[in-house]
J.: 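Below is one structure. I have some questions about it.
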There are 2 protein chains.
Amino acid sequence: MADTDQLSAVFSALADPTRRAILAELTERDATVSELTAPLPISMPAVSRHLKVLEHASLISRSRAGKWRVCRLEAASMRDAADWIERYRRFWDASLDRLDAHLAAVQAADDASHRAGPAGHPDEEQQ
Amino acid sequence: MADTDQLSAVFSALADPTRRAILAELTERDATVSELTAPLPISMPAVSRHLKVLEHASLISRSRAGKWRVCRLEAASMRDAADWIERYRRFWDASLDRLDAHLAAVQAADDASHRAGPAGHPDEEQQ
DNA sequence: CCTTCACTTAACGATGTCGTTAAATGTAAT
DNA sequence: ATTACATTTAACGACATCGTTAAGTGAAGG
């Protein structure tokens with residue numbers, strides 16, 4: 001599935017701190033490879049390959065401007081990642097509620113203490 | 001920075017389709033390693049290691065229940081990833097905003113090629 | 001006890017990542 | 001044309017990832 005691959009490419013690209021730094025830089029302004037390399041502690045070939053990864057994930061685009069190659073942020077594919085993660089929102093939004101439920105369950109188990117299987121453990125009620 | 005490492009761990013964990021499938025499964029119910037392995041085309045040791053990665057990224061937690069080991073979704077760390085990505089929302093959400101910024105940048109570069117930055121926006125990450 | 005079940009760890013090989021330096025490419029300027 | 005500049009590609013080494021099968025753990029149960 002191309003969709004899955006694209007998502008993997010985006011998450012994979014975002015997994016590297018250097019690449020996230022590059023993306024952050026590009027939110028300020030478009031930049032050449034030299035400009036992007038300057039603040040980083042690595043060589044230009046290394047940066048060039050990071051850019052290749054970012055481009056492959058459609059997170060940036062590159063164009064020639066005379067002698068230079070200008071990089072531009074293309075956040076469209078980041079939206080896919082955001083949308084994917086978004087489906088989990090309720091699982092962290094509701095974490096406090098779930099904690100309450102969990103504590104209540106433990107309390108209940110303490111009172112009635114007998115149940116099928118191993119007692120006193122944090123499941124039986126979820127979601 | 002530990003924060004950066006955590007973010008990298010989360011994105012890195014999410015980069016793998018199998019791990020995303022496992023997380024999706026865990027949104028339905030807590031599950032044992034066997035239950036998680038069943039629908040997947042890989043061996044249990046392979047799944048076990050995926051679970052280790054997910055646990056290291058704090059995306060799941062594991063607890064013993066007698067003979068079994070129960071995995072539970074812990075989406076809290078996904079929130080960090082969501083928050084990070086969220087800062088890029090305006091770049092895909094507000095196309096007018098972005099177009100304006102671009103035009104302003106071009107204009108500024110045209111007028112006087114010095115770098116004060118017409119955008120002047122937050123963000124900055126370093127490793 | 002000693003086996004069985006659920007799972008993890010060890011050991012291995014294929015492949016990918018991330019850095020380096022040196023050589024190639026392509027555009028601009030002399 | 002030749003040289004200089006910006007960037008990429010090639011070649012290499014160190015280390016991580018992802019799968020496998022085989023051997024360890026630890027709790028359950030005859």
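Order of the sequence lines fixes the chain letters, A, B, ..., with proteins taken first and strands second; residue numbering starts at 1 for each chain. No experiment lies behind these values; they were computed from the predicted model shown.
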J.: Nearest to the A/Ile42 side chain among C/dC7, C/dT20, D/dT20, which nucleotide is it?
T.: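 Closest nucleotide to the A/Ile42 side chain: C/dT20.
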J.: Between C/dC18 atom P and A/Leu40 atom CG, what is the distance in whole Å?
T.: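 From A/Leu40 CG to C/dC18 P: 14 Å.
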J.: A/Met44 CE to D/dC5 P: how many Å, rounded?
T.: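 The answer, rounded to whole Å, is 13 Å.
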J.: Could you check whether any side-chain heavy atom of B/Met78 comes within less than 4.5 Å of a side-chain heavy atom of A/Trp92, counting everything from C-beta outward?
T.: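 A side-chain contact under 4.5 Å exists here.
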J.: Among C/dA6, C/dG26, C/dT20, which nucleotide has an atom closest to any side-chain atom of B/Lys67?
T.: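 Of all the options, the side chain of B/Lys67 is nearest to C/dA6.
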J.: From the list C/dG19, D/dT20, C/dA6, which nucleotide is the closest neighbour of the side chain of B/Ala46?
T.: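 Minimum distance to the B/Ala46 side chain belongs to D/dT20.
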J.: If we count only N and O atoms by modelled type, under 3.5 Å, do the side chains of B/Ser8 and A/Arg20 hold a donor and an acceptor together?
T.: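 The answer is yes; a qualifying pair exists.
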J.: Hey, are the side chains of A/Ile22 and A/Glu25 touching, using non-hydrogen atoms and a 4.5 Å cut-off?
T.: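 In short, these two side chains do not touch, never coming nearer than 4.5 Å.
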J.: So, do B/Ser58 and B/Gln6 sit near enough that their side-chain heavy atoms are less than 4.5 Å apart?
T.: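 SC-SC contact between B/Ser58 and B/Gln6 confirmed.
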J.: Think B/Ser43 has a side-chain N or O under 4.0 angstrom from the OP1 or OP2 of D/dT20?
T.: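 Result: yes.
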J.: When the axes are fitted on five pairs at both termini, how much does the helix from C/dC1-D/dG30 to C/dT30-D/dA1 curve, in 10° steps?
T.: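 What I find for the helix from C/dC1-D/dG30 to C/dT30-D/dA1 is an axis angle of 0°.
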J.: Please pick, from D/dT8, C/dT27, D/dC18, the nucleotide with the shortest atom-to-atom distance to any side-chain atom of A/Arg64.
T.: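 The answer is C/dT27, which lies nearest to the side chain.
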J.: Search all heavy atoms of A/Ala13 against all heavy atoms of A/Leu54 and return the closest pair with its distance.
T.: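 For A/Ala13 versus A/Leu54, the nearest heavy atoms are CB-CD2, 4.2 Å.
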J.: Nearest of C/dG19, D/dA27, C/dT8 to any side-chain atom of B/Arg69?
T.: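 Comparing C/dG19, D/dA27, C/dT8 against the side chain of B/Arg69, the answer is C/dT8.
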J.: Is there side-chain contact between B/Asp16 and A/Phe11, with at least one heavy-atom pair below 4.5 Å?
T.: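 No - every pair of side-chain heavy atoms lies 4.5 Å or more apart.
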J.: Taking atom CZ as the centre, does B/Arg79 end up with more than 12 heavy-atom neighbours from other residues, nucleotides or ligands that are less than 6.0 angstrom away?
T.: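 For B/Arg79, atom CZ is not crowded (no more than 12 foreign heavy atoms under 6.0 Å).
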J.: So, is B/Ser48 close to the C/dC7 phosphate, meaning a side-chain N or O under 4.0 Å from OP1 or OP2?
T.: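 No, outside the criterion.
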J.: Counting heavy atoms from C-beta on, name the nucleotide in C/dA6, D/dA6, C/dT8 closest to the side chain of B/Val33.
T.: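 Minimum distance to the B/Val33 side chain belongs to C/dT8.
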J.: Between B/Leu14 and B/Leu59, is a side chain to side chain contact (heavy atoms under 4.5 Å, CB included) present by the stated rule, with each step listed?
T.: CA-CA 9 Å; B/Leu14 297 183; B/Leu59 284 166; 4.0 Å; yes
J.: Can you measure B/Leu14 atom CG to D/dT17 atom P for me and round it to whole angstrom units?
T.: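 Going from B/Leu14 (CG) to D/dT17 (P), I get 14 Å.
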J.: Taking for each residue the nucleotide of DNA chain C bearing the nearest heavy atom, is the 5' side occupied by A/Gly66 or by A/Ala15?
T.: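 Taking each residue's closest nucleotide, the earlier one in sequence belongs to A/Ala15.
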J.: Expressed as a whole number of angstroms, how long is the span from B/Trp68:CH2 to D/dG26:P?
T.: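 The answer, rounded to whole Å, is 18 Å.
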J.: May I have the distance from A/Arg19 (atom CZ) to C/dT17 (atom P), rounded to whole angstrom?
T.: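 That distance rounds to 8 Å.
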J.: Hey, are A/Arg89 and A/Glu86 close enough for a salt bridge, meaning a charged N less than 4.0 Å from a carboxylate O?
T.: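 The answer is yes: the pair qualifies as a salt bridge.
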J.: From the options C/dT8, D/dT9, C/dC18, select the nucleotide whose nearest atom is closest to the side chain of A/Pro45.
T.: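 Ranking C/dT8, D/dT9, C/dC18 by closest atom to the A/Pro45 side chain puts D/dT9 first.
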J.: When you look at B/Asp30 and B/Cys71, which way does the side chain to side chain contact (heavy atoms under 4.5 Å, CB included) test go after all the steps?
T.: CA-CA 6 Å; B/Asp30 294 355; B/Cys71 302; over 6 Å; no
J.: Which parts of residues 49-63 of chain A get close to DNA chain C, meaning a heavy atom less than 4.0 angstrom away?
T.: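 Listed by number, they are A/Arg49, A/His50.
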